[in-house]
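Nothing fancy with the numbering, it's 1 onward along the sequence. When reading the values below, keep in mind they use all heavy atoms of this one structure, side chains included, and skip hydrogens, waters and symmetry mates. When a ligand or atom number is given, it counts from 1 through the structure's own listing order.
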Amino acid sequence: MKFEPVIGLEVHAQLKTTTKIFCGCKTAFGAPPNANTCPVCLGMPGVLPVLNKKAVEFAIRAALSTHCTVARISRFDRKNYFYPDLPKGYQISQYELPVAEHGYLDIDVDGNIKRIGITRIHMEEDAGKSSHDDNRPLSMVDLNRAGVPLIEIVSEPDIRSPEEAGAYLRKLHAILRYIDVCDGNMEEGSFRCDANVSIRPKGSEPFGTRTELKNLNSFKNVEKAIQIEINRQIGIVEEGGKVIQETRLYNANKNRTTSMRGKEDAHDYRYFPEPDLLPLVIEADWITSVGKSLPELPDQKKQRFIDDYKLPVYDADVLTSSRELADYFERCLKTHKNPKLVSNWVMGSLLGLLNTEGKTVLQSPVTPENLGTLVKLIDKDVISDKIAKTVFDEMARSGKNPEKIVEEKSLVQVTDHSALENIVLNIIASNPKEVEDFRGGKTKLMSFFVGQVMRETKGKANPKIVNQILSEKLNQA
Ligand code: ADP
Ligand code: MG
Ligand code: ZN
């Protein structure tokens with residue numbers, strides 16, 4: 001029997017507000033344990049939460065950017081559970097009336113657009129963090145994160161493969177970073193994903209029992225964990241067993257999932273309306289003005305790059321994967337407007353450099369102005385492609401501008417026809433055997449001759465002119 005996976009994703013995104021959702025404590029990551037706390041986020045009795053307006057604005061931004069309808073009236077609820085990192089004994093969340101619903105994201109699956117529904121977006125507070133000491137019999141609780149604002153974005157079970165899950169997540173991640181509501185740092189936990197996975201016989205309607213995977217801290221791990229979970233479930237069903245509804249933890253080192261706990265149902269949480277907060281009423285005017293403040297989103301930017309710069313879809317996709325990279329690219333174009341050649345250098349050498357140095361585009365040692373100038377030098381035949389790579393490496397090391405590097409190292413391309421002709425004639429004279437073979441039909445030797453000229457000119461000869469002179473001289477026996 002063939003099986004089909006059914007996947008739905010829940011994403012928790014930390015909002016980039018400077019203060020927490022119900023108190024004035026700082027949200028900054030990395031403070032000493034429990035430094036960013038107060039009676040409200042410590043869950044002391046007798047204190048009251050006050051909603052952070054910025055957090056609501058960020059939720060609206062996220063909702064509008066994912067085609068959701070913002071609810072004019074929504075409500076906060078208490079989700080009750082007992083855990084050391086949850087000081088109040090309940091989490092303030094939204095349950096029956098979330099801040100937004102009915103959205104979607106379009107993802108690219110092998111060149112086809114597939115629409116993934118978004119069920120809802122709701123606001124909630126984050127919990128604290130427990131850490132456990134393997135050597136001592138104790139656990140530690142850090143409540144700096146308690147009360148940091150989150151939105152949870154719940155997808156419909158529309159996803160059908162690990163790759164689709166990866167594409168959906170990358171798209172959502174890019175959007176939240178574009179609109180500047182979440183820093184997207186998966187390792188620090190500001191963008192976390194739980195994956196719900198089930199299987200069903202291909203062609204059958206009803207969904208199978210799902211498991212929920214946690215601890216997925218990179219896009220790659222999400223895809224890997226979903227794949228092995230699909231395989232595990234198929235294995236169980238093929239042996240006549242039944243998948244049980246549970247929460248499973250992914251272990252990246254062992255690349256397997258292990259059971260963590262039985263999956264709670266909603267009623268286990270005894271949700272009820274938060275009596276300390278009024279319903280959240282959002283005026284239509286506010287939604288409109290937030291909508292107007294949104295920047296160009298990844299899909300729009302990608303389409304504009306294709307239309308205006310005539311870039312291939314692939315290039316446009318890579319270049320718009322983050323707003324910073326897209327800005328970098330467009331700043332290069334301000335210096336030199338050859339989109340495709342600039343794109344090649346950004347996607348190739350620049351991303352390669354950032355990758356090996358572990359830097360973000362904002363930390364790039366090569367400025368966009370310098371990269372734009374480099375491409376201009378290539379386009380104007382001042383330097384060859386090969387030399388350009390040397391100049392790029394030097395820019396990466398020293399941060400100098402390319403014109404200065406070319407001048408200091410006298411790397412200017414040799415385009416002087418008669419100078420190159422002399423060199424070619426010398427080479428022909430000193431390699432009679434190769435010349436004879438070439439004329440006898442071993443035309444592959446052309447690259448040998450080109451290599452000789454390049455050696456003679458330290459790579460500075462203009463390859464087009466060299467090729468032209470060589471074929472002329474070699475063929476005129
Ligand atoms: P909970 O908060 O208990 O996990 P939700 O009803 O919010 O429950 O659903 C969570 C996610 O599970 C959603 O993304 C939904 O698309 C997905 N989901 C629901 N049923 C299935 C299923 N049978 N197989 C896979 N995913 C599912
Ligand atoms: Mg869930
Ligand atoms: Zn506080």
Asker: If you count the atoms of ligand 1 from 1 in the order shown, which ones are under 4.0 Å from a heavy atom of F207?
Answerer: 23 (N)
Asker: Is the Y104 ring parallel, tilted or perpendicular to the H67 ring (thresholds 30°, 60°)?
Answerer: parallel
Asker: Would you say the ring centers of H12 and F191 fall short of 6.0 Å from each other?
Answerer: no
Asker: Using a strict 4.0 Å cut-off to heavy atoms of V6, name the atoms of ligand 1 that fall inside it.
Answerer: 24 (N), 25 (C)
Asker: Within a distance under 4.0 Å of any heavy atom of G208, pick out the atoms of ligand 1 and give their elements.
Answerer: 23 (N)
Asker: Compute the shortest N/O to N/O distance between V154 and ligand 1 and return yes if it is under 3.5 Å, no if not.
Answerer: no
Asker: State the atoms of ligand 1, each with its element, that fall below the 4.0 Å cut-off from a heavy-atom position in L9.
Answerer: 14 (O)
Asker: If you measure from atom 6 (O) of ligand 1 to every heavy atom of R210, E10, R120, which option wins on shortest distance?
Answerer: R210
Asker: Does atom NZ of K54 have more than 12 heavy-atom neighbours from other groups under 6.0 Å away?
Answerer: no
Asker: Please check this pair: side chain of T66 against backbone of A62, looking for a donor-acceptor N/O pair closer than 3.5 Å.
Answerer: yes
Asker: For the residue pair Y250 and A225, what are the closest heavy atoms and their distance?
Answerer: CD1-CB, 3.4 Å
Asker: When you look at NZ of K340, are more than 12 heavy atoms from neighbouring residues, nucleotides or ligands closer to it than 6.0 Å?
Answerer: yes
Asker: Could you please give the number of protein N/O/S atoms within less than 2.8 Å of the Zn ion (ligand 3)?
Answerer: 4
Asker: Should the ring pair Y271 and Y269 be called parallel, tilted or perpendicular, given that the plane angle runs from 0 to 90° and is split at 30 and 60?
Answerer: perpendicular
Asker: Tell me which one of I107, I7, L169 satisfies side chain to side chain contact (heavy atoms under 4.5 Å, CB included) with E164.
Answerer: I107
Asker: Would you say D379 and N338 are linked by a side-chain donor-acceptor pair, where the criterion is simply a distance under 3.5 Å?
Answerer: yes
Asker: My understanding is that we take every heavy atom of each candidate and find the minimum distance to atom 12 (O) of ligand 1. Doing that for V197, N196, I199, which one comes out nearest?
Answerer: N196
Asker: Is the shortest side-chain N to carboxylate O distance from E296 to K302 below 4.0 Å?
Answerer: no
Asker: Going by the order shown, which atoms of ligand 1 are within less than 4.0 Å of some heavy atom of E212?
Answerer: 4 (O)
Asker: Short list, please: which atoms of ligand 1 are under 4.0 Å from a heavy atom of E156?
Answerer: 16 (O)
